[in-house]
K.L.:
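Structure incoming, see below.
Chain naming here is simple, since letters A, B, ... match the order of the sequence lines and numbering starts at 1 in each. Here the structure is a predicted model, which is why all the values come from computation and not from measurement.
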Number of protein chains: 4
Amino acid sequence: MKIQGILTPNIVPFHEDRSINEGELRRYVSWLIDKGVNGIYPNGSTGEFIRLSFEERKQIVSIITDEAAGRVPILAGAAEANIDMVLEACAYCADFGCTAVSVTGPYYFNVSQESIEHYFRELAERSPIDILLYNIPQFSNEIGVDIVQRLAMDCPRIIGIKDSSRDMPRFMNTLGKIKPQRPDFICLTGTEETLLPTLLMGGDGGTIATSGVAPEAVMKLYRDWQRGDLEEAKRVQFKMLELIETMFAAGNFPEGFREGVNLRGFNAGRARQPMATTEMKHFLNIRSKLACLLADCGFDEAAAHCESESCGQVDFSASVAGVGQLDVETIVREVFGRLNSGS
Amino acid sequence: MKIQGILTPNIVPFHEDRSINEGELRRYVSWLIDKGVNGIYPNGSTGEFIRLSFEERKQIVSIITDEAAGRVPILAGAAEANIDMVLEACAYCADFGCTAVSVTGPYYFNVSQESIEHYFRELAERSPIDILLYNIPQFSNEIGVDIVQRLAMDCPRIIGIKDSSRDMPRFMNTLGKIKPQRPDFICLTGTEETLLPTLLMGGDGGTIATSGVAPEAVMKLYRDWQRGDLEEAKRVQFKMLELIETMFAAGNFPEGFREGVNLRGFNAGRARQPMATTEMKHFLNIRSKLACLLADCGFDEAAAHCESESCGQVDFSASVAGVGQLDVETIVREVFGRLNSGS
Amino acid sequence: MKIQGILTPNIVPFHEDRSINEGELRRYVSWLIDKGVNGIYPNGSTGEFIRLSFEERKQIVSIITDEAAGRVPILAGAAEANIDMVLEACAYCADFGCTAVSVTGPYYFNVSQESIEHYFRELAERSPIDILLYNIPQFSNEIGVDIVQRLAMDCPRIIGIKDSSRDMPRFMNTLGKIKPQRPDFICLTGTEETLLPTLLMGGDGGTIATSGVAPEAVMKLYRDWQRGDLEEAKRVQFKMLELIETMFAAGNFPEGFREGVNLRGFNAGRARQPMATTEMKHFLNIRSKLACLLADCGFDEAAAHCESESCGQVDFSASVAGVGQLDVETIVREVFGRLNSGS
Amino acid sequence: MKIQGILTPNIVPFHEDRSINEGELRRYVSWLIDKGVNGIYPNGSTGEFIRLSFEERKQIVSIITDEAAGRVPILAGAAEANIDMVLEACAYCADFGCTAVSVTGPYYFNVSQESIEHYFRELAERSPIDILLYNIPQFSNEIGVDIVQRLAMDCPRIIGIKDSSRDMPRFMNTLGKIKPQRPDFICLTGTEETLLPTLLMGGDGGTIATSGVAPEAVMKLYRDWQRGDLEEAKRVQFKMLELIETMFAAGNFPEGFREGVNLRGFNAGRARQPMATTEMKHFLNIRSKLACLLADCGFDEAAAHCESESCGQVDFSASVAGVGQLDVETIVREVFGRLNSGS
C-alpha cells in the first residue's frame, strides 16, 4: 500500500448530542472509496482532531481502518499533546493497520526549530509506524525546509511530508532539495487551489478536503493529469476554485466542507464548535450557492437545495473528448517505429 | 475567597519519566503560599496544560486544592478540546473547591468572533463555577473587547478576564469600558513587565509567572503599591524586568521559569517538550545569569549556581524607609479631624 | 528649549486642489500653542509625511518654525528615501531653528537590525541637529531595544526615542535599560491610550495626536499628573479613550483626527488619500459621534454637528474640586513641621 | 509592443558617491536586451525606487527608454507618494515612450480596500498610459482579488497585474476569475520560484529579478516552456531555486541580486542602504557561493570569484536534446493528415 495520489481528509459526522455517528462515518468512508479516492486521512484538521478526545481519535481510526478493510491505504493524524501520547497514538495506528501517520509540529506554544528537529528525531527512532511530517504553520509551529531535508536524509521512518502551508515557493524548495537525493520521499500538498501545479512540478498528490465533497471532480483532475491531459486537468482545477472558495467562506473551518458532505446525501450533523445564530443567515446563503455549484457538477442530490434556476449541469464523469497526450505519444512512438522499420 | 492580587501560575514538576512529581508539586505550592502569594493558578500556559492529558489536568487540580486547603483561592485553567469537555473540567474544578476557572478562546483553528461569543455564552449558562475569560491571542483566538464587554454585562457567571495579550492599550480599553458599569469585574494582567502600570490604572492584579520564582519580589511590589509607595514599587518593577527577560530568553517557554524554580531549591525536573542538545549550552549560560540575578535579590540558595563574582545582594524583604501614601492620608485625615473639631 | 511633555503631531490642512493651506496651518499651529501644548511635531505619520513631496515637507517646517517663532520647541520628522536625503532634511531643519528631528527606521523594504544600527550611527555622526529615533514597526522597520540602548550610550546626537509601537512592555524595557545610565535620554510615547501609564513609569511625555483635537484635555491630564493628582489624571485618560477609538474608527488614518480638527473650527480640507464614496456614510456617522464627544468635553464649536440630544458637557478646563496629592503632602509637611516645632 | 514573457526588474548601478551610474546602467540594459529578455522593468522594488528621489526615478526611465530604443517594451514603476505625483510619473513615462506603468497599492499607512479601489479608479480615469496593478503586500497595502476583478472589468486603462505576493493560490484565483471574461488581462508573477507553475496554469510571464543576473537561464526556461518541453523547463526551474535562495540570503534585498550583476561583469557599485561591517563576512561568503553557482551555469566571468574547486559547469545555452512537445504535435498532425489523405 503506497501513499500517493488523492487522500481524503474526512470530516466526522456527529449525532445531535455531539457524539460520533459511527454508522454515517462508515457509510461515508465506503462511498469515498467507491468513488475512487486513493486513501483516507482521518484525524487531520478537516477531521477536527483537536476537538476530539484521545479516545475518540482512537475510535475513529478503528472504525475507518475496519471499514476500509485494506481497500485503500489509511494515513492517520497522530498529533497529540506530548511525545509519549504521540507514540501511544502511533502504536494504535500500527495495530489497526494504518499505512502511516502524520504528525504536526508542536502547537499552541512557540517552540524553537532545534527542539522541533529533536522532537521528530525522537519520534522517528521510537515509532512503530512510518511518519509523514505535517506542516501547517497557520495552526502549529512551522517545520523549516532545512529540518525537513535533514530528517529526510537521516530518518528512514520519516517517509514524507504533507504541506498545508499554502506556500508554493516552499513546496518547490522542498521538492528541489529532497527529491534528487531521496526520490521516494512523499511530498503531498494540502492546498486545494494548487493541486495541479504541485502535481506538474513533481508532487505526489495531496490531502484534498474537496475530495470529500466532490471526489468525482478531484479524481478526474488527478486522472487527467496522469493521462497527460493538461488542458482538461486545468479546466477542472479552475472549476474547483469557486467550490473551494465557497466552502471556506461558509464560516469556521471545516463547516463549509461538512455542509458539502451533507449536500451529497449524508447526515454529517452539527459541528463540535457551535455557531452563533447570527451567523446562520450567512451560512444558509453559502449553502444554497454550494448546492448550485454541486448541482452544476452533475451531483443531482444537491440540486434540490439550489435556489437558482440558472443552475446547469456539467458531468465531470464524462469521458474526455479528443486524444490525450499519452495517447499521442503512443501513436508517435508507433509511427516512428514503423518509419524506422521502413514499413 | 476573592480573586485579587498576585496569583501564581505554577509550573508542574516532573519525574525523570515525565510523569507528574506530586510530592514536589505539593512542597512547591505550600512554599508559594507561605511566601504570601494571593492565589494559585494551575493549568495555565505556564503549567503547560496543553501538554498534559485530561486526566493529568484533573489530577493537578486535585493535588493543588488539597495542598492549599483553603488558604488561598485557586483559579484553575479549564480550556479543553471542546465545550463538553470544558464543562466536565468546570465540574471537577467546582467539586475540588476551586474559586473559579479560566477559559481561553478556542485554539488551533481560527474561529469567528460571533462563534467565540456564542461559545462563552453557552459556557456561562451551563457552568457550575465562576469563569474568567483568558485572552492570549499569541496561542488561541483573541476575545475582542466588545465581546468581553457584552459578556460582562449579560453573564453573572463570567466574573472577570485574565489578559495575557501584552497589549496595554487593550487593557486600558477593557478597564474603561467595563469597570464603570460593572466595578466588580476582575481585570487581571498576565504581562509581567506591566504589572505595576496596570495596578496603577485600576487593574485587580495579575497571574505573574515570575511570582513562581521570586514571590518575595512580586509580593513586595504589590504591597508597595497597596501602601501607595510608587517609587519603591517602580524600583522593584524595573528590577524585575531583567529577571523576566532572562527567563523568557532561556528557550522554549516555560523552561526559563522552570529553571528559576529549580534554582530556588526545588526539583522541577525535565520538561515535557524535549530540548535539543545543541540548545543546552545557551540554556546553561542563561541559567548562570538567572542564578546571579536571583542571588542578587537575596535568594541564597541560587548563589551557588552564579559564576559571577560581582554578584551583590539586595534584600527585597527589607522594610521600606519613610512614610507611605496610605499613612500620609490617615495622618492628614486625623489632623483635619482634629482641626475641625477645634482641638 | 527642551523636548518634554505633550508635543502635537499636527495634521496638514489642504486646499480643494490638495495643495497645502498655509494660512490655516499657521492659524492652527498658533491655536495649539495658545492652548499650551509643549511643542509641535510636523512631518510625522499624523502629518502624512509620506504623501508629501520633499519640497512640501521643507515648506511645512518653514511655515511652522516661523509661526511658532520660538514659543515652543519644534521636533520635525526627517525620514526620507535615503540617508543623503535624510541629512539634507536635517540640514534645513537645523537652519529653520528646529530643536531636533525624528527619524524612522528605513521603510518599505525589510532591513537587518545590523544595517539599521549602522544607518543611525552614520546619521548621528553627520547630522547637524539632534535626533530622536522614531520606532513605528507598523509602518517601518522596528528599531530593536538593544540597538536603541547602544545608540544611546555611544551617540550624543541621538537624544531620545519616540515610540509609537503600542508595545508597553517594550517601553518599560527601554526605560529600564537606558534611563539608569543616561537619564537625559528622552522617552516619548506615541500611544495615546497609555500616555498616563508611561508618564507614571518615568516617560518624558508623548507625541499625542489627540492633543491636536482636544489640547485642553490632554494638557489637563499632563498637568494633573505633574501636580500628582493621579485620580483626576486617570479620569481624563479614561475619558480620552472613547475619543481616541472614535477617531481611529473613522477610516484611513489620520482622517478621524483631521475631522476632529475641522470640528474645532478649522478648515482642514480633504485628505491626500481620497476616500471612496461608499465609505462616506460610515465617516459621517463617526463624525457625528465625534462631535458629541467633543461637545461633551465643553468644546462648543463642535456641538452644532452633534445630532444626539443627550450630549451633556464636562469642562476640562475647570479647576479640579478637592485637594490633590501634592497639596496633601504640603499640608502634611506643614503639620509635621508644626508638631516637631512643638506648636 | 506587448507586455509578455520575462521582464527584467533592473537594479540601478551607483557611483561611489551613491549617484546613478548612467554609463553602466546603459551597458547593463543593452546586455539584457541582447540576452533576449522580453522587456525591462525600471523603478520596481529591485530597482530600489523607494530610495530614489522623484527626479532620479524620472532620469532612470529616460535613460532606459533611450537605451532600449524600442527594441523591447518598457514597463515602468510609477508608485509615488500621492495620486497627483503618480499621475505626473504616468505623464513622463508616456512621454518617454514606455509601454505601460505599474502602480503599487498605497504604502506605509494601512488603507481600506474601498479606498484602494477608489484610488485605482481615479488613476485609471486620468492616466495617459496603460497601468498594471502591482500587488506586493509584504511592503504595501494588498489589492484584494475582488478589487482586481472589478477593475479589470470596468477599466480599459488597467491592462493587467504584476503579483509579487508569493501567494500561488491567490494567483490561481486571479486567473480563474478574470481570464474567462477578459483573456487579454496580463497576469505576471513576481515570484521567481513559481515562474514555471504560473506559466503552466495560464500566466503571461513574470518580472523575474533572477533574469537580471542569469538571463540565459530564465530565457531558456521560458523558451523550453513555449516549446512544450516541460521536463527541461522543470530542470532549469529547480536549478534556479538555489540561485534565488542564495541571492535572497545575501542580506538586505536587493543586495544579493546587485552582487550577481557585479559577478556577471558589471560595476553596479554600493547600495543606497549602507550595510554594517559586521554583515560583510556573511556577505562575502554568500558572494563566493553565488559565484560558484553562476560559474556552474557556464558564466565564465563569475568563475574567478568562486573559491570551490568542485565547481563544474552546465551550459544553459546548449540546445536541448530530443524532440519537444510542439514538434511531436506537428509530426502527429502531419502523420494523421497523411493517413487521412490515404497516402
Side-chain angles (χ1 to χ4, degrees), chain A residues 14 17-19 45-46 48-57 79-86 88 104-123 136 138-141 147 248 250-255 271-280 282-283, chain B residues 14 17-19 45-46 48-57 79-86 88 104-123 136 138-141 147 248 250-255 271-280 282-283:
Chain A
F14 292 117
D17 66 356
R18 293 172 183 161
S19 65
S45 298
T46 312
E48 289 175 273
F49 78 96
I50 203 81
R51 292 177 186 141
L52 304 171
S53 69
F54 184 87
E55 281 307 316
E56 286 176 320
R57 283 188 283 272
E80 294 290 343
N82 59 59
I83 200 165
D84 296 314
M85 289 173 79
V86 174
E88 209 178 320
T104 66
Y107 47 87
Y108 193 85
F109 292 109
N110 296 322
V111 170
S112 73
Q113 289 292 303
E114 286 99 332
S115 292
I116 290 172
E117 181 170 352
H118 185 72
Y119 175 82
F120 281 112
R121 284 184 187 276
E122 183 173 341
L123 278 181
I136 184 164
Q138 301 91 317
F139 302 146
S140 64
N141 285 274
I147 290 177
F248 274 119
N252 306 323
F253 181 83
E255 282 323 286
R272 277 272 163 110
Q273 175 73 44
M275 218 187 303
T277 44
T278 51
E279 295 175 289
M280 264 300 162
H282 170 74
F283 181 74
Chain B
F14 293 118
D17 65 357
R18 293 172 183 163
S19 65
S45 298
T46 313
E48 290 175 271
F49 77 97
I50 203 81
R51 292 178 186 140
L52 305 172
S53 70
F54 184 86
E55 281 307 315
E56 286 176 319
R57 283 189 283 273
E80 294 290 344
N82 60 58
I83 201 165
D84 295 313
M85 290 174 79
V86 174
E88 209 177 320
T104 65
Y107 48 87
Y108 193 85
F109 291 110
N110 296 321
V111 170
S112 73
Q113 289 292 303
E114 287 99 331
S115 290
I116 291 172
E117 181 170 353
H118 185 72
Y119 175 80
F120 281 112
R121 283 185 186 276
E122 181 172 342
L123 277 182
I136 185 163
Q138 301 92 317
F139 301 146
S140 63
N141 285 274
I147 290 178
F248 274 119
N252 305 325
F253 182 82
E255 282 322 286
R272 278 271 162 109
Q273 174 74 42
M275 217 184 305
T277 44
T278 51
E279 295 175 288
M280 263 301 161
H282 169 73
F283 180 74

K.L.:
Can you tell which of Pro106(A), Ala81(A), Pro254(A), Ser53(A) has the highest number of heavy-atom pairs within less than 4.5 Å of chain B?
P.N.:
Ala81(A)
K.L.:
What part of Arg51(A) gets closer than 4.5 Å to chain B, counting heavy atoms only: side chain, backbone, both or neither?
P.N.:
both
K.L.:
Who are the ring pair (Phe, Tyr, Trp, His ring centres under 6.0 Å) partners of Phe139(A), not counting sequence neighbours?
P.N.:
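Expected list: Tyr108(B), Phe109(B).
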K.L.:
Can you tell which part of Pro274(A) gets under 4.5 Å to a heavy atom of chain B, answering side chain, backbone, both or neither?
P.N.:
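Answer is both: backbone and side chain atoms of Pro274(A) are under 4.5 Å from chain B.
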K.L.:
So what's closer than 4.5 Å to chain A heavy atoms on Arg121(B): side chain, backbone, both or neither?
P.N.:
neither
K.L.:
Identify which part of Glu117(B) has an atom lying under 4.5 Å from any heavy atom of chain A, answering side chain, backbone, both or neither.
P.N.:
neither
K.L.:
Would you mind checking which part of Met275(B) comes under 4.5 Å of any heavy atom in chain A, side chain (CB onward), backbone (N, CA, C, O), both or neither?
P.N.:
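Contact with chain A: backbone and side chain both.
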K.L.:
Ser19(B) versus chain A, heavy atoms under 4.5 Å apart: side chain, backbone, both or neither?
P.N.:
neither
K.L.:
Given heavy-atom pairs under 4.5 angstrom as the criterion, report whether the side chain, backbone, both or neither of Glu122(A) touches chain B.
P.N.:
side chain
K.L.:
Output the distance between atom CD (Gln113(A)) and atom NE2 (His118(A)), rounded to the nearest 0.5 Å.
P.N.:
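Here the rounded value is 14.5 Å.
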K.L.:
Please look at Thr278(A) and chain B and tell me whether the side chain, the backbone, both or neither of the residue comes under 4.5 angstrom of a heavy atom of that chain.
P.N.:
side chain
K.L.:
Walk me through it: do Leu123(A) and Ile83(A) pass the test side chain to side chain contact (heavy atoms under 4.5 Å, CB included)?
P.N.:
CA-CA 7 Å; Leu123(A) 278 181; Ile83(A) 200 165; 3.7 Å; yes
K.L.:
Can you tell whether the side chains of Arg272(B) and Glu56(B) come within less than 4.0 Å, N to carboxylate O?
P.N.:
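Salt bridge between Arg272(B) and Glu56(B), a charged N being under 4.0 Å from a carboxylate O: yes.
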K.L.:
Answer with side chain, backbone, both or neither: which region of Glu114(B) has an atom nearer than 4.5 Å to a non-hydrogen atom of chain A?
P.N.:
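Its backbone and side chain both get close to chain A.
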K.L.:
With no hydrogens and no angle check, is any side-chain donor or acceptor of Asn252(A) less than 3.5 Å from a backbone partner on Val111(B)?
P.N.:
no
K.L.:
Can you tell me how far the CD1 atom of Ile50(A) sits from the CD1 atom of Ile50(B), to the nearest 0.5 Å?
P.N.:
6.0 Å
K.L.:
Do the side-chain N and O atoms of Glu279(B) and Ser112(A) include a donor-acceptor pair separated by under 3.5 angstrom?
P.N.:
yes
K.L.:
Rounded to the nearest 0.5 Å, how far does CG of Leu52(B) lie from CZ of Phe14(B)?
P.N.:
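So the CZ of Phe14(B) and the CG of Leu52(B) are separated by 5.0 Å.
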K.L.:
Checking Ile136(B) against chain A: side chain, backbone, both or neither under 4.5 Å from a heavy atom?
P.N.:
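Only the side chain of Ile136(B) comes within 4.5 Å of chain A.
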